[in-house]
Amino acid sequence: MAKKVAVVAVGGNSLILDPKKVTVEDQYLAAAETSKHIADMIEAGWDVAVGHGNGPQVGFILRRSEIAAKTEGMHEVPLDVCGADSQGAIGYALQQTLQNELIQRGIKKSVATVVTQVKVDKNDKAFQNPTKPIGGFMEEDDAKRREKELGWNVVEDAGRGWRRVVASPIPKEVVEIEAVKELLRAGTVVITVGGGGIPVVDDGKGGCVGAAAVIDKDFASSLLSQEINADLFVISTAVEKIAINYGKPDQKWIDKMTVAEAKKYIEEGHFAKGSMLPKVQAIIWFLENGGKQALVTDPPHIGAALRGETGTWIVP
Ligand code: ADP
Ligand code: MG
């Protein structure tokens with residue numbers, strides 16, 4: 001590949017700008033905003049594969065499924081299928097808004113979404129101790145019935161009711177990776193591993209079967225970056241830079257850090273679990289497997305960060 005390839009992981013929250021404005025129209029406006037910044041990258045000469053989160057969106061899909069099952073007797077939608085639905089819908093929003101942006105700028109490039117499965121290990125220890133809450137709250141008897149009949153793991157959530165919890169295993173393999181590479185080689189902008197990918201496990205016959213789990217989108221995007229030998233791994237989130245002593249009086253923004261420094265900061269507890277920690281861990285994973293450089297910034301600063309003016313750069 002002559003051009004340089006970047007993976008951009010877009011946070012699920014930057015696709016919903018205001019938690020009070022979540023209509024499909026609002027989500028399109030947010031996608032259009034993000035697309036402008038991705039188009040800046042493409043205009044600067046990068047070939048791009050886009051990964052994205054789906055937390056809020058998959059929550060809405062699950063909620064609709066639960067309500068429709070309760071009140072209308074509709075079938076419920078299994079978690080892996082909710083993931084597929086979210087990849088399709090978010091992929092559509094991004095591919096349409098990004099394609100429109102490229103047309104406006106006179107850039108001849110097509111954009112396509114690949115519904116992507118990501119293999120996880122059946123024996124991943126995360127399956128023994130599922131911790132990721134998913135779906136709405138339930139009454140105790142409903143939760144216990146589902147536990148017995150459907151094999152769900154359920155927990156009492158801080159006095160607010162019962163919730164289902166699922167595992168968040170480590171991604172092992174992007175099943176559709178060859179298709180993704182083909183599209184990139186053809187110059188297509190690819191949207192893939194949405195929501196961390198649809199988790200699947202070995203079916204024992206060389207194929208795959210859906211798993212009730214969720215994969216961290218930062219880890220899945222890191223795996224994608226490794227599998228396509230990306231020249232750059234960008235995590236686009238809600239902050240312009242990573243900080244140490246984040247939110248404290250002695251907070252300090254980081255312009256550049258090495259893997260060794262990042263590990264030291266992790267040890268010292270600078271990165272919050274469930275938000276910045278998985279991002280830094282995903283980046284370390286990429287850089288320890290041949291990656292050359294990674295960047296964390298927010299969408300409006302992607303252009304300036306690529307010119308070396310801002311963002312946090314992480315290097316081996
Ligand atoms: P995304 O939807 O992009 O995955 P997250 O909310 O999971 O976003 O993670 C980004 C958030 O991490 C930031 O908005 C910030 O509030 C938080 N954060 C935690 N620790 C740090 C840190 N050390 N430096 C910067 N941001 C941090
Ligand atoms: Mg996150």
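Atoms within each ligand, like the ligands themselves, are counted from 1 in listed order.
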Protein contact of atom 13 (C) of ligand 1 - nearest heavy atom, named by residue and atom, plus distance: Val239 CG1, 3.9 Å
Within a distance under 4.0 Å of any heavy atom of Ala272, pick out the atoms of ligand 1 and give their elements. 19 (C), 20 (N)
As a check for students: among Lys252, Lys217, His52, Met276, identify the option with a heavy atom nearest to atom 20 (N) of ligand 1. Met276
What's the verdict on side-chain hydrogen bond (donor to acceptor under 3.5 Å, both in side chains) for Glu101 and Thr97, showing C-alpha distance, side-chain angles and the deciding distance? CA-CA 6 Å; Glu101 186 67 32; Thr97 54; over 6 Å; no
Is there a donor-acceptor contact under 3.5 Å from the side chain of Thr34 to the main chain of Ala31? no
Does a donor on one side chain sit under 3.5 Å from an acceptor on the other, for Thr113 and Gln87? no
Using a 3.5 Å distance criterion without hydrogens, assess whether the side chain of Asn289 forms a donor-acceptor pair with backbone atoms of Phe286. no
Kindly confirm or rule out an N or O of Lys241 lying under 3.5 angstrom from an N or O of ligand 1. no
Would you mind running through ligand 1 and noting each atom that sits below 4.0 Å from a heavy atom of Thr237? 1 (P), 3 (O), 8 (O), 9 (O), 10 (C)
What is the nearest protein non-hydrogen atom to atom 1 (P) of ligand 1, stated with its residue, atom name and distance? Lys279 NZ, 3.4 Å
Should we say atom NZ of Lys122 is surrounded by more than 12 heavy atoms from elsewhere, each under 6.0 Å from it? yes
One finds that the ligand 1 atoms under 4.0 Å from a non-hydrogen atom of Gly274 are 7 (O)
For the 3.5 Å polar cut-off, considering only N or O atoms, please tell me whether Ala243 and ligand 1 meet it. yes
If the cut-off is 4.0 Å to any non-hydrogen atom of Ala238, which atoms of ligand 1 fall inside it? 14 (O)
Would you say the side chain of Val50 lies within less than 4.5 Å of the side chain of Thr192, judging by non-hydrogen atoms? no
Heavy-atom contacts with Ile242 under 4.0 Å: which atoms of ligand 1 show up? List them by number with element. 24 (N), 25 (C)
Report the C-alpha distance between Ser221 and Asp218 in whole Å, list the side-chain angles of each, state the deciding distance to 0.1 Å, and finish with yes or no for side-chain hydrogen bond (donor to acceptor under 3.5 Å, both in side chains). CA-CA 5 Å; Ser221 300; Asp218 297 311; 5.8 Å; no
Just by distance, with hydrogens left out, do Gln27 and Thr23 show a side-chain donor and acceptor under 3.5 Å apart? no
Among non-hydrogen protein atoms, atom 16 (O) of ligand 1 lies closest to Tyr246 OH, 2.9 Å
Cationic N near anionic O, under 4.0 Å, Lys264 to Glu261: no
Identify, for atom 17 (C) of ligand 1, the protein heavy atom at the shortest distance, and state residue, atom and that distance. Ser275 OG, 3.7 Å
So is Asp218 polar-close to ligand 1, meaning N/O to N/O under 3.5 Å? no
Identify the protein heavy atom lying closest to atom 2 (O) of ligand 1, giving its residue, its atom name and the separation to 0.1 Å. Asn13 ND2, 3.2 Å
Trp253 versus ligand 1: do any nitrogen or oxygen atoms come within less than 3.5 Å of each other? no
If you define the side chain from C-beta out and look only at heavy atoms, does anything of Arg164 sit under 4.5 Å from Asn153? no
With a 4.0 Å heavy-atom cut-off (strictly under), which part of His270 contacts ligand 1: side chain, backbone, both or neither? backbone
